[in-house]
Amino acid sequence: MEKFTANHQGQISGVLSGFDRLVFRGTLRSIAYAAGMNQYLCSNEILLKNFGSHVEHITQRLKTASLAEAVTAGRPVRYLASSALSKEDIARGIAAKDGITNGLVCVLTCVEPCRTFEIYRNRETKQLQLQPRLRKCLFLYHYTVHPIFGFLNARIQTWFPFSIQICLNGREWLAHQMDAAGLDYLRHDNCFPWIEDWPTAQQLMNEQLTVEWPALLDGIARTVNPIHDEIFRAHPTTYYWSTYQSEWAIDIAFRTADELRRLYPRLLQHAMTTFGSTDIMRFLGRHIPLSGEMPKRFSGEVVSDLRQRQEGVRIKHRLNNNSVKLYDKAFTVLGSVLRAEGTINNVDHFRVYRPKEGDPHGDLAWRPLRRGIADLHRRAEVSRKATERYLDALASVDQDTTLEEVLHRLGQPRYWHGRRVRALQPFAPDDRKLIQAISRGEFTLNGVRNRDLQRLCFAQPPTTPAEARRRSACIGRKLRLLRAHGLIYKLTGTHRYQLTQAGPIATTAILTALRSSVRQLTAAAA
């Protein structure tokens, strides 16, 4: 992100980085499976034959208790015949109409699929058994203006095991924080084109990562099920909170709409024509072999697509259930927002440095990232870095230098330490392969070495020491060629080389031209 903001610093008024949409799920793990539910029934001395009447009675009690606040306060309780309706739009319309700025807005109810239990008569054993089933039941959506989080919704399943889902927004939360701090801002939907003090706003967003999540989420859960303790008096249980979905957004506020409108189409063009599957995998933290090929064990799907929205065009790169995307979020007189967003739904291949679960004082090691909120800090770090890598990959777009100027400069012989160095020929096979190699994503942070380029330029490893020396000398001459033309420089005290400030500009222009179709180039020229 630093490269991107540095290239456009004269046009940018501020940057915000933090969570956007967060979806938490609360699960009563002790009764979420058949054996656990049997233990609950045993603790309450409920026979399997009486299971139906018992759960129906508990469900009715829960509905009455959950809706009691809305009934007392005179807030709407509305049944929706279709789950496809936008509940948030309905709730926000009610809040705007009634002028609700704090407390309960409404409760929307809807029948949706759920995971629950039912009694099954086993013909072989001639006994009743409790089995998990996928059925449909009534869900209650509580829409509230929370004193900390702002506008949010909490959904509870009215059948056992009473799962809860809480959906909130980090920008909504930030608005409440800025109100409390007396910080002026302009809000457009869920972004801020202008803020009086951007660094202070970022500090407030950083504080969101340090809150006591269990206490806050448990507090919301008690509002949707006030009789939880009564139901589970004989079999105490608490909610285990996990992060079902998280979105990390970096908002870059441009001073004028014209600046963003001029830049954005070029970003889209670059992202669609330049980023390949391996680039997207790197953005989202997947390891790519030095050869640059897709890992042999990878069996997922990598997709990039453009979608026309009412506000404009959005580009999205998906790796299985995770993604990074870019879109123009707002155009106002005081500022316009470009948003880069990373969405994490699947944490299977991420790692976190932690002790074993259940042993908080044990040895630390890199272990699988969990969905539980205990690992939310690491999830935030992974999301932030993925989004920043994506923005930095776009950093070289919109330079004033034309491709003609780049080719003319590279097409002239140079002198390096008194020795003449030939011109670069970017469209010739050998030089093109060299330019593609040094612009690879894995070399961005740590630089490229002679041995790294050898692996990319030669299909097979050397068979003799003499051949190894010849290859090293060959790559050394190529590195000298790139240094003479100002594309790379050597890191002091190392054998590594990195792109100069002019390097990404030249390589991006060349590679974009190589990967663009004739139709795209014709349209750009027009």
Side-chain angles (χ1 to χ4, degrees), residues 18-37 112-116 132 134 139 149 152-157 160-170 173 208-221 224-225 228 237-249 281 283-287 298-301 318-325 341-360 362 364-387:
F19 277 124
D20 185 33
R21 187 168 182 261
L22 279 170
V23 181
F24 298 101
R25 284 191 172 177
T27 306
L28 298 174
R29 294 204 289 183
S30 66
I31 64 167
Y33 60 105
M37 191 64 194
E112 297 177 353
C114 70
R115 294 187 180 277
T116 185
L134 184 63
F139 284 79
F149 297 126
L152 61 79
N153 75 78
R155 181 193 76 176
I156 185 168
Q157 174 180 315
F160 277 93
F162 305 132
S163 61
I164 291 178
Q165 179 172 292
I166 297 173
C167 181
L168 56 92
N169 189 282
W173 184 357
Q208 296 180 0
L209 300 174
T210 63
V211 299
E212 292 292 332
W213 285 108
L216 289 170
L217 297 176
D218 285 341
I220 297 172
V224 297
N225 185 6
H228 174 89
T237 183
T238 57
Y239 281 99
Y240 173 81
W241 294 102
S242 60
T243 310
Y244 175 68
Q245 184 185 81
S246 63
E247 294 178 350
W248 186 277
M281 294 181 72
F283 299 151
L284 292 167
R286 296 297 290 268
H287 175 72
F298 179 71
S299 59
E301 184 179 33
R318 289 184 287 112
L319 171 60
N320 294 336
N321 292 325
N322 301 331
S323 67
V324 288
K325 59 184 176 182
E341 188 173 283
T343 301
I344 303 295
N345 295 319
N346 187 341
V347 299
D348 290 346
H349 68 274
F350 296 116
R351 295 291 182 266
V352 59
Y353 196 62
R354 63 172 175 85
K356 287 183 179 180
E357 188 169 1
D359 184 16
L364 299 177
W366 286 103
R367 307 181 192 278
L369 183 66
R370 300 165 293 187
R371 287 186 176 273
I373 55 175
D375 288 348
L376 187 58
H377 67 287
R378 174 60 175 167
R379 191 183 186 113
E381 183 181 21
V382 167
S383 303
R384 175 180 59 80
K385 288 184 176 180
T387 313

*Would you find a donor on one side and an acceptor on the other, under 3.5 Å apart, between the side chain of Arg379 and the backbone of Ile344?*
yes
*With a cut-off of 6.0 Å (strictly less than), are more than 12 heavy atoms of other residues, nucleotides or ligands near CZ of Arg378?*
yes
_Out of the candidates Phe24, Tyr239, Tyr240, Trp241, only one should pair with Trp213 under the ring-ring contact (aromatic ring centres under 6.0 Å, His included) rule; please name it._
Phe24
*Is there a side-chain contact between Val23 and Gln165 (heavy atoms, below 4.5 Å)?*
yes
*Indicate yes or no: at least one non-hydrogen side-chain atom of Arg351 is less than 4.5 angstrom from one of Pro368.*
yes
*Under 3.5 Å, is there a donor-acceptor pair between the Asn169 and Asp20 side chains?*
yes
*Could you pull out the closest heavy-atom pair between Leu284 and Phe350, with the gap in Å?*
O-CE2, 3.4 Å
*Can you see which heavy atom on Thr27 is nearest to which on Ala32, and at what distance?*
CG2-CB, 3.9 Å
*Please round to the nearest 0.5 Å and tell me the distance separating atom CE of Met281 and atom CZ of Arg286.*
4.5 Å
*Ignoring hydrogens and angles, tell me if any N or O in the side chain of Asp375 forms a donor-acceptor pair with the backbone of Arg370 under 3.5 Å.*
yes
*Search all heavy atoms of Pro355 against all heavy atoms of Arg367 and return the closest pair with its distance.*
C-NE, 3.3 Å
*Considering non-hydrogen atoms only, spot the tightest contact between Glu112 and Phe139 and give its length.*
O-CE1, 3.4 Å
*Drop me the distance from Arg354's CZ to Asp359's CG, to the nearest 0.5 angstrom.*
11.0 Å
*Exam field: side chain His228 to backbone Thr237, donor-acceptor pair closer than 3.5 Å*: yes
*Rounded to the nearest 0.5 Å, how far apart are CG of Leu22 and CH2 of Trp173?*
8.0 Å
_Minimum heavy-atom distance His349-Gly285, with the two atoms named_ = CD2-O, 4.4 Å
*Determine, step by step, whether Gln245 and Thr343 satisfy the side chain to side chain contact (heavy atoms under 4.5 Å, CB included) criterion, reporting the C-alpha distance in whole Å, the side-chain angles of both residues, the deciding distance to 0.1 Å, and the verdict.*
CA-CA 7 Å; Gln245 184 185 81; Thr343 301; 4.2 Å; yes
*First locate atom CZ of Arg25, then atom SG of Cys167, and finally report the distance between them rounded to the nearest 0.5 Å.*
11.0 Å
*Identify the heavy atoms of Val324 and Ala386 that sit nearest to each other, and give their distance.*
CG1-O, 4.3 Å
*From Ile156 CD1 over to Asn225 CG, what is the distance, rounded to the nearest 0.5 angstrom?*
4.5 Å
*Asn321 CG to Asp348 CG distance, which is reported to the nearest 0.5 Å*: 9.0 Å
*For the pair Asn153 (side chain) and Ile166 (backbone), establish whether a donor and an acceptor sit closer than 3.5 Å, ignoring hydrogens and angles.*
no
*Any donor-acceptor pair under 3.5 Å from Arg371 side chain to Val347 backbone*: no
*Taking Thr387 for the side chain and Glu341 for the main chain, is one N or O donor matched with an acceptor at less than 3.5 Å?*
no
*Checking Asn322 side chain against Asn345 main chain: does a donor-acceptor pair fall under 3.5 Å?*
yes
*Non-hydrogen side-chain atoms of Tyr33 and Pro132 separated by less than 4.5 Å*: no
*Polar side-chain atom of Gln208 near backbone of Gly170 as donor-acceptor pair, under 3.5 Å*: yes
